[in-house]
Amino acid sequence: KYLREDDISQKCRDLLPSLPHEKGWISPSLYQYQGLWVAPKLLNGILACQEHFRAQETDVLLITAPKSGTTWLKAILFCLPNRAKYSGSMQQHPLLTQSPHDLVPFLELKLYFGQEIPNLTSLPPPRLFATHLPYQSLPQSVKDSGCKLVYLCRNPKDTFVSLWHFANKLRSKTTSGIPLAECLDAFCRGVSPFGPYWDHVQGYYKASLEMPERVQFLRYEDMIEDPQVHVKRLADFLGCPFGEQELRDGTVDGIVRMCSFDSMSMLEVNKSGKLSTGQETESYFRKGEVGDWVNYMSVEMGERVDRVVQEKMDGSGLKL
Ligand code: A3P
């Protein structure tokens, strides 16, 4: 899908030959642009959204490295500002029939993925978008606008294992699987979709320290441990805090339950649906567990990832 040459803009085609490239995980190759590794078709979307996306102050942008729990946080983010609208009619809630990926669209992977530039100006505030772009590659208007950024990171070993499964799932449609050891080598060299992983996480961690009122930095593992606390914090951060009544009547628990892995992965739309971009929705729900890497990697492999990530992040104050 990412490789249909005719979908690649002239601008992108002119740029590609000058970029370093490596073997890809899902598409045959990954190209390095502004320090990040992406498939050629995605570069198209990145260039288009960098040029055309105009952020508004009231926008909320969810940012993740792939497989950090984006689907989950998209669902939660959708629920928070929209909760009053559906409080009396939960059976009408859009999350019951639509994928979080269609409710909170990616900029580069969906809205700016094709040749047409979307008109997003008429969407009502707060507009919710998502992106996998690292901080240094965000469209300039995102940095200038004062909009809110929510960043979710996940343990690198679990992120890696989830990504390896996902890559194999998408590859199996067209070609053979890719061995874990090969992916691990690439991951540890920084060559993974939207990688290097450590630059991605570090960029937003730094931004969250410098601009805490604009950037909220969350961890998948903390959310799993105490989702209620983090959902409440997120609502405060977004400027839609839970009121006394909501705190008493179980609204927070309701959102946590509705967005949980168990609830979401049981829904027909997430079991057998297709996204408007073509991917099968079930590929976004595998296990949703912390520490699953031990079932796929040796202790030595795990130590290698930890060592590389800690070396690269040395001095950042961030422990993953
Ligand atoms: P695993 O492959 O470890 O199970 P992304 O949404 O960024 O693509 O990340 C996908 C990962 O998040 C997968 O991890 C998936 O199972 C997990 N996930 C999806 N929905 C979730 C939810 N509601 N709660 C917790 N984890 C979820």
Side-chain angles (χ1 to χ4, degrees), residues 25-26 42 61-80 93 95-96 98-110 128-134 150-172 180 183 187 192-195 197 200-201 204 218-231 234 253-271 273 275 277-297 302 305 320:
W25 295 45
I26 302 168
L42 274 184
L61 209 54
L62 167 64
I63 307 161
T64 53
K67 312 326 285 178
S68 301
T70 325
T71 317
W72 184 22
L73 219 65
K74 280 185 175 189
I76 294 175
L77 277 181
F78 180 82
C79 284
L80 290 176
H93 201 288
L95 272 176
L96 299 178
Q98 293 177 66
S99 163
H101 292 290
D102 285 333
L103 294 169
V104 182
F106 279 114
L107 293 175
E108 72 285 359
L109 283 160
K110 182 170 174 182
L128 303 174
F129 301 115
T131 180
H132 286 320
L133 284 173
V150 176
Y151 187 77
L152 178 68
C153 81
R154 188 180 187 189
N155 172 280
K157 302 187 287 296
D158 283 339
T159 306
F160 165 76
V161 165
S162 185
L163 189 57
W164 174 69
H165 278 284
F166 186 73
N168 274 325
K169 192 141 205 164
L170 296 201
R171 283 170 70 94
S172 63
L180 185 138
C183 283
F187 187 84
S192 59
F194 292 91
Y197 166 88
H200 208 283
V201 180
Y204 288 100
L218 295 166
R219 294 164 188 260
Y220 182 92
E221 295 74 21
D222 295 343
M223 300 267 312
I224 291 273
E225 197 177 309
D226 199 342
Q228 280 81 359
V229 163
H230 294 284
V231 164
L234 203 46
D253 288 342
I255 291 176
V256 167
R257 210 173 322 114
M258 175 176 237
C259 298
S260 70
F261 183 88
D262 287 349
S263 306
M264 294 197 62
S265 58
M266 294 292 285
L267 293 171
E268 208 46 50
V269 62
N270 296 324
K271 282 201 292 196
L275 297 182
T277 44
Q279 289 93 344
E280 285 157 2
T281 49
E282 56 107 25
S283 47
Y284 293 89
F285 299 89
R286 193 180 62 91
K287 284 189 182 171
E289 288 173 4
V290 172
D292 184 48
W293 68 270
V294 293
N295 298 312
Y296 300 93
M297 289 159 72
V305 174
L320 289 165

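Order of appearance sets the numbers: ligands from 1, and atoms from 1 within every ligand. One is the number of the first residue; the rest follow in order along the sequence.
The closest approach between Lys67 and ligand 1 falls below 4.0 Å for a heavy atom of the residue.
At a heavy-atom distance under 4.0 Å, only side-chain atoms of Arg154, from C-beta outward, approach ligand 1. Both the backbone and the side chain of Ser162 come within contact range of ligand 1, each with a heavy atom under 4.0 Å.
A salt bridge does not link Glu225 with Arg219: every distance from a Lys NZ or Arg NE/NH1/NH2 to an Asp or Glu carboxylate oxygen is 4.0 Å or more. Ion pairing between a basic and an acidic side chain is recognised when a charged N comes within 4.0 Å of a carboxylate O; Arg257 and Asp262 show no such pairing.
Any N or O atom pair closer than 3.5 Å counts here, and Ala65 shares no such pair with ligand 1. The shortest N/O to N/O separation between Gly288 and ligand 1 falls below 3.5 Å. The shortest N or O to N or O distance between Thr71 and ligand 1 is under 3.5 Å. Geometrically, ligand 1 and His101 share no nitrogen or oxygen pair separated by less than 3.5 Å. Below 3.5 Å of separation, one finds no N or O of Phe285 facing any N or O of ligand 1.
At a cut-off of 3.5 Å, with distance as the only test, a side-chain donor of Ser263 or Ser260 sits close to an acceptor on the other residue. For the residue pair His101/Lys110, the side-chain donor-acceptor check at 3.5 Å is not satisfied. A donor-acceptor pair shorter than 3.5 Å cannot be found between the side chains of Glu221 and Asn155.
Between Phe166 and Trp25, the ring center distance fails the sub-6.0 Å criterion. Close placement of the Phe187 and Tyr197 rings is indicated, their centers lying within 6.0 Å of each other. A centroid separation of less than 6.0 Å is found between the aromatic rings of His200 and Tyr151.
Nearest to atom 25 (C) of ligand 1 among the protein's heavy atoms is Tyr220 OH, 3.3 Å. The single protein non-hydrogen atom nearest to atom 12 (O) of ligand 1 is Gly69 CA, 3.8 Å, given as residue, atom name and distance. Counting protein heavy atoms only, atom 7 (O) of ligand 1 is closest to Thr70 OG1, 2.4 Å. With hydrogens left out, the protein atom closest to atom 19 (C) of ligand 1 is Tyr284 O, 3.2 Å, a heavy atom. Remark: minimum distance from atom 23 (N) of ligand 1 to any protein heavy atom is reached at Cys259 O, 2.9 Å. The nearest protein atom to atom 16 (O) of ligand 1, hydrogens excluded, is given as Arg286 N, 2.9 Å; this is a heavy-atom distance.
Using bins of under 30°, 30° to 60° and over 60° for the plane-to-plane angle, the ring pair Phe106/His132 lands in the tilted bin.
Residue Ser260 has at least one heavy-atom neighbour below 4.0 Å for each of these atoms of ligand 1: 23 (N). Listed by number with element, the atoms of ligand 1 under 4.0 angstrom from any heavy atom of Lys287 are 4 (O), 16 (O).
Relative to the ring axis of Phe285, Lys271 does not place its NZ or CZ within 45° and under 6.0 Å from the centre.
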